[in-house]
Amino acid sequence: MAEKIIITPDGINVPDNPVIPFIEGDGIGPEIWEAAVRVFDHAVKKAYAGKRKIEWLEIYAGEKGFKVKNEWLPEETVSALKEYSVGIKGPLTTPVGGGMRSLNVTLRKKLDLYVCLRPVKHYPGIPAPVVNPDAVDMVIFRENTEDVYAGLELQSGSKEAAELISHLKDTLGWEIPSDSGVGLKPIGERGSKRLIRAALNYAVEHKRKIVTLVHKGNIMKFTEGAFRNWGYELAKEEFKDVVVFEREADGSIPEGRILVDDVIADAFFEKMLTRPHEIDVIATMNLNGDYISDALAAQVGGIGIAPGGNLNYTEGTAVFEATHGTAPTIAGLGKANPSSLILSGKLMFEYLGWNEAAALIEEGIKAAIMSKKVTFDFYRMMKESELVSTGEFADQIINNMN
């Protein structure tokens, strides 16, 4: 009989037969989900000899949500993710010309999923635009609820924008052109510290060596600069026994310690390309994290291989997702690469503590890529490769689980 995952003060309690809600997604969503779920079920069956099994519960959002429930994001979908604690989803479209700004952003806000977790590393055999893609093995902690993604903006020419511009001139002396759209960029101490705390905890648990705070605090001193300062403050107060700072490290990291440093965002992009071996765990705000996540994915072969999760470590709620878009131009053609969703499932299994299943998935993907029987995105970049469909690529992963 299927049971719920329970979050307790001591951590996550996962039964052998948990109910996990899923959202198929739009565009290529249904076909990559069909491929991914077969991989997940096979990995669980093989890893635990039939003693564990997931009961998948479909919930609705996006185009299918509108079709089935007449809502882009039904409240019962949000309630189900709260009730069952852990879920997984394909890519979702955003309604054009009205409605909510982004279904993904709305879901993150409603569930207060304050961490966007994006591990990025290279898998042998995938063509990449950099000389040493294997040097990329990083984990990004991107703040998910604040910054420009809070969506606090006013349209150019609107009455509200004019009133705010006038108020800012009268009270602060700010000269803002009257034809400007105006937005706010909230960065708070609570939001910053809980994100950075999650990154530091991850580094401790996974024996990582460096946590880097990425910011533009040299210019935006009271938002991004504050993020940096709160990060150091937190590290000194809550992690003083395990961290060391750049001046103290003097070029080397003492055994058993984690180096906490910071890099200005533009310099960080240069460092990503020239010295990736000096980057390990990244903690940053929403917009920086958006750019960095996709840029790092490009260094290892593209966003089609990049997994992601949205998590609230305080309450235990987590939604794992494909990190790419809906790709409507190839929907239904069997061209889509299911790897992002499949690796997001691997991330989910690690979160559940089902590490054996996670390891099988990763080994299956590695071997499938090395076999050069790949989907269209890799096929057009790989020499002497064989083109296979979305479902056939899933078959390759399943057949190569050892």
Side-chain angles (χ1 to χ4, degrees), residues 104-105 108 113-123 128 130 133-149 187 191-217 224 227-228 230-231 234-235 258-273 275-313 318-324 339-341 343-344 346-348 350-351:
N104 292 321
V105 172
R108 293 166 191 168
L113 302 171
Y114 59 85
V115 170
C116 180
L117 179 65
R118 294 280 296 272
V120 182
K121 71 176 181 179
H122 182 250
Y123 288 98
V130 295
D134 55 305
V136 176
D137 184 2
M138 307 169 193
V139 182
I140 303 147
F141 279 74
R142 168 191 172 197
E143 206 289 321
N144 234 356
T145 63
E146 298 186 330
D147 200 2
V148 296
Y149 270 59
I187 303 289
S192 297
K193 283 188 172 181
R194 66 180 184 173
L195 180 280
I196 296 163
R197 182 181 295 112
L200 284 164
N201 279 327
Y202 181 95
V204 171
E205 291 167 11
H206 293 82
K207 296 182 170 39
R208 293 279 185 157
K209 300 299 292 180
I210 306 169
V211 174
T212 301
L213 310 172
V214 181
H215 60 91
K216 192 64 177 171
E224 303 213 8
F227 175 89
R228 169 196 178 274
W230 286 324
L234 175 82
I258 296 166
L259 173 66
V260 177
D261 64 0
D262 72 281
V263 181
I264 293 170
D266 46 343
F268 186 79
F269 277 86
E270 184 267 346
K271 188 174 183 178
M272 280 164 44
L273 288 167
R275 292 176 288 151
H277 58 281
E278 295 180 12
I279 304 171
D280 195 354
V281 176
I282 301 156
T284 190
M285 290 139 292
N286 201 302
L287 189 59
N288 290 337
D290 199 3
Y291 295 149
I292 289 167
S293 297
D294 285 6
L296 278 174
Q299 286 184 220
V300 299
I303 200 168
I305 198 75
N310 302 287
L311 303 99
N312 182 321
Y313 283 98
V319 180
F320 299 87
E321 65 181 355
T323 59
H324 51 70
S339 296
S340 176
L341 186 57
L343 286 171
S344 295
K346 168 190 172 283
L347 202 60
M348 180 184 74
E350 290 172 342
Y351 182 73

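One-based numbering along the sequence shown. Since the model is a prediction, treat every value here as computed from it, not as a measurement. These numbers come from the heavy atoms of this one structure, side chains and all, not from hydrogens, waters or symmetry mates.
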Shortest non-hydrogen contact from [X] toward [Y]:
| X | Y | result |
| --- | --- | --- |
| Lys216 | Asp266 | NZ-OD2, 3.2 Å |
| Leu341 | Ala322 | CD1-N, 3.9 Å |
| Leu347 | Gly308 | CD2-C, 3.9 Å |
| Phe227 | Ala283 | CE2-O, 3.6 Å |
| Tyr313 | Leu117 | OH-CD2, 3.9 Å |
| Lys193 | Trp230 | CE-O, 3.9 Å |

Mind checking the [atom1]-[atom2] spacing from [X] to [Y]? Nearest 0.5 Å is all I need.
| X | Y | atom1 | atom2 | answer |
| --- | --- | --- | --- | --- |
| Thr284 | Phe141 | OG1 | CZ | 13.0 Å |
| Asp280 | Lys209 | CG | NZ | 9.5 Å |
| Ile305 | His324 | CD1 | NE2 | 10.0 Å |
| Met138 | Ile282 | CE | CD1 | 6.0 Å |
| Leu343 | Tyr123 | CG | OH | 4.5 Å |
| Tyr114 | Leu311 | OH | CG | 8.5 Å |

Look at the side chain of Ser340 and the backbone N and O of Ala306, then say whether any donor-acceptor pair between them is shorter than 3.5 Å. yes
Is a side-chain donor or acceptor of Glu321 paired with a backbone partner of Asn104 at a separation under 3.5 angstrom? no
Go through Arg194 and Thr145 one step at a time and tell me if the side-chain contact (heavy atoms from CB on, under 4.5 Å) criterion holds. CA-CA 11 Å; Arg194 66 180 184 173; Thr145 63; 3.8 Å; yes
Considering only heavy atoms from C-beta outward, does the side chain of Gln299 approach that of Leu273 to under 4.5 Å? yes
Glu224 vs Leu213 side-chain heavy atoms within contact, under 4.5 Å: no
Tyr291 atom OH, over 12 foreign heavy atoms within 6.0 Å: no
I'd like to check the ring-ring contact (aromatic ring centres under 6.0 Å, His included) partners of Tyr351; sequence neighbours left out, ordered by chain and number. Phe320
Suppose we screen for ring-ring contact (aromatic ring centres under 6.0 Å, His included). Which residues come up paired with His277, at least two apart in sequence or across chains? none
Across all chains, not counting sequence neighbours, the side-chain contact (heavy atoms from CB on, under 4.5 Å) partners of Asn286 are Arg142, Asn144, Asp147, Tyr149
For Arg228, side-chain contact (heavy atoms from CB on, under 4.5 Å) partners two or more places apart: His215, Tyr232, Asp262
Partners of Lys121 by side-chain hydrogen bond (donor to acceptor under 3.5 Å, both in side chains), sequence neighbours excluded? Glu362
Salt bridge or not between Asp290 and Arg118? Use side-chain N to carboxylate O under 4.0 Å. no
Ignoring hydrogens and angles, write down the donor-acceptor pairs under 3.5 Å from the side chains of residues 195-204, residues two or more places apart or on other chains.
{"from": "Arg197", "atom 1": "NE", "to": "Glu238", "atom 2": "OE1", "distance (Å)": "2.8"}
{"from": "Arg197", "atom 1": "NH2", "to": "Glu238", "atom 2": "OE2", "distance (Å)": "2.9"}
{"from": "Asn201", "atom 1": "ND2", "to": "Arg197", "atom 2": "O", "distance (Å)": "3.3"}

